[in-house]
Peer 1: 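Have a look at this one before I ask anything.
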Amino acid sequence: MKKKKSIQDFYTMKEKGEQITYITSYDYPTATFAERAGIDMILVGDSLGMCVYGYEGTMPVIMDQMIWHTEAVRRGAPNTFVIGDMPFLSYQTTDAAAVENAGRFYKEARVDCVKLEGGVRVASKIKAIVEAGMLVMGHIGLTPQSSSQLGGFKAQGRTLDSAKAQVEDALAVQEAGAGMILLEAIPPEVSGYIRDTLTIPVLSIGAGPYCDGQLLIVSDMLGVFEAFTPKFVKRYAEVAKICTDALTNYVEDVRAKKFPEPKHIYPMIPEELAKFKEWTASQKKKK
Ligand code: KIV
């Protein structure tokens, strides 16, 4: 059986220069596939708003949805480090709200860590959650929950001022007590500097190769989510095509009466079938 990794294992991996593998998952089957593949950590991301619910962004996602999906992922991947992603307005309002909602992930969905977006401005929330005894992953760079302030889903840290702001945010996240940090869509020079400066593991999604590990959105890398594909995604499968082809074949088979075949039915017990035929014949005679 796979041994579940802990935060200490991730620190050791950083020290040894071993890459941490990280993927999102939103449901039981995908979580079982990820665990079977030996993935180190799973994020139940609020990207499920787009990838599962078809919303335009992550803003409408609520805590209850996150809990339901995280429970399913935990059942599918009992031996994998699972991170619950705190949705919009589950932590921004007060430190107390942040602790309560992080606690829901722990109590109801048995996560190993929670993730929240932002640097300097959410430092007090990270500190409060950590002081309550929970583990936090920070998330800076392109932070989808503040995409309206960022002017859209845009890469960050591409100018000196913006790069310095990323470094400042990363340091604030570590200082607040986060155990790990995720950098999204920032240039490799900046993420490499942050990786070398921080003592905590630094994960990348679209932040280049000089980090302690890599995250991809499962629906992007499997080719399930078709609305758009960010530049940093590598496609490992074309699942939308496989599913559409299978469904098209099913529709054709049913219309052509090629499905179901004899092997797909439940036959009656032979003696009972004989009696049933007698009975239907007697019914016809009555008419
Ligand atoms: O919700 C999510 O999947 C995320 C990633 C975009 C990092 O937060």
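Along the sequence shown, the residues carry numbers beginning at 1. Both counts, for ligands and for their atoms, begin at 1 and track the order of listing. Note that this is a predicted model, so its numbers are computed, not measured.
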Peer 1: Can you pull out every salt bridge (Lys or Arg N to Asp or Glu O under 4.0 Å) where at least one residue sits in residues 244-253? Sequence neighbours excluded, please.
Peer 2: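 Checked against salt bridge (Lys or Arg N to Asp or Glu O under 4.0 Å) - neighbours excluded - the pairs reaching residues 244-253 are Lys241-Asp245.
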Peer 1: For the pair Phe259 and His264, name the ring-plane relationship: parallel under 30°, tilted 30 to 60°, perpendicular over 60°.
Peer 2: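 Plane angle between 30° and 60°, so tilted.
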Peer 1: Of all residues at least two apart in sequence or in a different chain, which pass the side chain to side chain donor-acceptor pair (under 3.5 Å) check with Tyr28?
Peer 2: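 Counting only residues at least two positions away or on another chain, Tyr28 forms no side chain to side chain donor-acceptor pair (under 3.5 Å).
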Peer 1: Looking at residues at least two apart in the chain, or sitting in another chain, which of them share a ring pair (Phe, Tyr, Trp, His ring centres under 6.0 Å) with Phe225?
Peer 2: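 Only Phe228 meet the ring pair (Phe, Tyr, Trp, His ring centres under 6.0 Å) criterion with Phe225.
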Peer 1: Compute the ring centroids of Tyr210 and Tyr193, then answer whether they are less than 6.0 Å apart.
Peer 2: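 So the answer is no for these two rings.
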Peer 1: Short N or O contacts of ligand 1 with protein, under 3.5 Å, listed by atom name?
Peer 2:
| unit_1 | atom_1 | unit_2 | atom_2 | d |
| --- | --- | --- | --- | --- |
| ligand 1 | 1 (O) | Asp46 | N | 3.0 |
| ligand 1 | 1 (O) | Asp46 | OD1 | 2.8 |
| ligand 1 | 1 (O) | Ser47 | N | 2.9 |
| ligand 1 | 1 (O) | Ser47 | OG | 3.3 |
| ligand 1 | 1 (O) | Asp85 | OD2 | 3.0 |
| ligand 1 | 3 (O) | Ser47 | OG | 2.5 |
| ligand 1 | 8 (O) | Asp85 | OD2 | 3.3 |
| ligand 1 | 8 (O) | Lys115 | NZ | 2.9 |

Peer 1: Hey, does the side chain of Asp85 reach the backbone of Gly45 with a donor-acceptor pair shorter than 3.5 angstrom?
Peer 2: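 No, because the side chain of Asp85 does not come within donor-acceptor range (under 3.5 Å) of the backbone of Gly45.
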